[in-house]
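In each ligand, atom 1 is the first atom listed, and ligand 1 is the first ligand listed. These numbers come from the heavy atoms of this one structure, side chains and all, not from hydrogens, waters or symmetry mates. For the single chain, residues carry numbers from 1 onward in sequence order.
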Amino acid sequence: MRFNFLAVLFAVFALLLSMTTVGSAQSKPNIVILATGGTIAGSAADASATTGYKAGALGIDVLLNAVPQVKEYANVSGEQICSIDSKDMTDDIWLKLADRINDLFSRGDVDGIVITHGTDTLEETAYFLNLTVHSNKPVVLVGAMRPATAISADGPMNLLNAVRVAASPASVGKGVLVALNDEINAAREVTKTNTITVSTFKSPELGFLGYVNEGVPEFYRTSARRHTINSEFNVNGKKNLPYVKVIYGTANDDELFVDAAIKAGVKGIIYAGTGNGSVHMNAEKALARATAKGIVVVRSSRVGNGTVIPAEQSYIDYHFLDGDTLSPQKARILLQLALTKTTDLSEIQRMFKQY
Ligand code: SIN
């Protein structure tokens, strides 16, 4: 009898203990870290080296072991998607990432995603996912300017902050976010502005969304353009994307690159023009030949700020579209996605006004 009473008491105690443990694990959000490489996973021979290292050398386990504090904010698991220097990013990896993220969110038990990424094309991946992930749960891209082996590496704190942002209810519905250097930016507006310094990611003119203050994400604004659950683009199961090239306008421009692009079979051209997306008269002749063949031409600008709006009558006559405020590299992504749905020019122009 006495034995039975003790056994029951022990069982009740064990049950209560397990409920407390499960309860605390459940009260933290489940965050999956998808690792792609970059300087945040970079390894140099010398701790003072900030160049000449191998980007993407360290796996996600090494990065997570360096920042055990992430466990205070979330139940974290890691997956290695690829291990590249992000200058070598491909449409294939983007499609794989979008598929994986949509798949993880469809499971229901994943509350947020962090993607570790090289800084060179981080803004492009962020914008691609902003248009192709169909969930309002947080997706946060993070990188670093100094390799993981450097004195005062920026990666560990950036990774911790990215997990904090992904775990925060305040990040829900904000679209894909980019969190580095204690600042949170929107995928559509953010760009790398400095080749070397850690304060490189900015959203010029339109401004960043918020800070991570002492570990707490604080938002002050949102991006007004369509994204994630309001995006009409769906790449699930797609194996490739339409071929779109950016051509950079300069003084003394000519027809060479446009003609080469036409010959190569591109479906779209982003012309990174001068000023308000202005097109050199020589390139204009070649771009007119492109639109006559059904290639979609979008005028963007190499200036870095401001809206590209309708200008010369000839641009209208040749059916060149306007790229709004998107940088040439992001206009390329939107045109790729637009071309997965339509070649109708007024529809594509609508998309440039909405995304
Ligand atoms: C890269 O983009 O993979 C290398 C540069 C960086 O991450 O800062």
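Residue Asp120 has at least one N or O atom closer than 3.5 Å to an N or O atom of ligand 1. Considering both main-chain and side-chain atoms, Ala144 comes within under 3.5 Å of ligand 1 through a nitrogen or oxygen pair.
Aromatic ring centroids of Tyr355 and Phe233 lie under 6.0 Å apart.
Between Tyr127 and Leu326 the shortest side-chain heavy-atom distance falls below 4.5 Å. Contact check for Lys192 versus Phe201: side-chain heavy atoms found under the 4.5 Å cut-off. Residues Asp91 and Phe128 fail the side-chain proximity criterion, which asks for heavy atoms closer than 4.5 Å.
Considering only non-hydrogen protein atoms, atom 8 (O) of ligand 1 sits nearest to Thr119 OG1, 2.5 Å. Regarding atom 3 (O) of ligand 1, its nearest protein heavy-atom neighbour is Ser86 N, 2.6 Å.
Of the options Arg188, Arg225, Lys330, a side-chain hydrogen bond (donor to acceptor under 3.5 Å, both in side chains) to Thr325 is made by Arg188 and by none of the others. With respect to Asn236, the side-chain hydrogen bond (donor to acceptor under 3.5 Å, both in side chains) criterion is satisfied by exactly one of Asp103, Asn102, Thr132: Asn102.
Residue contacts with ligand 1: Gly56 is excluded, as none of its non-hydrogen atoms falls under 4.0 Å.
The ligand atoms of ligand 1 that sit less than 4.0 angstrom from a heavy atom of Thr39 are 4 (C), 5 (C), 6 (C), 7 (O), 8 (O). Applying the 4.0 Å criterion to heavy atoms of Gly118 picks out, from ligand 1, the atoms 1 (C), 2 (O), 3 (O), 7 (O).
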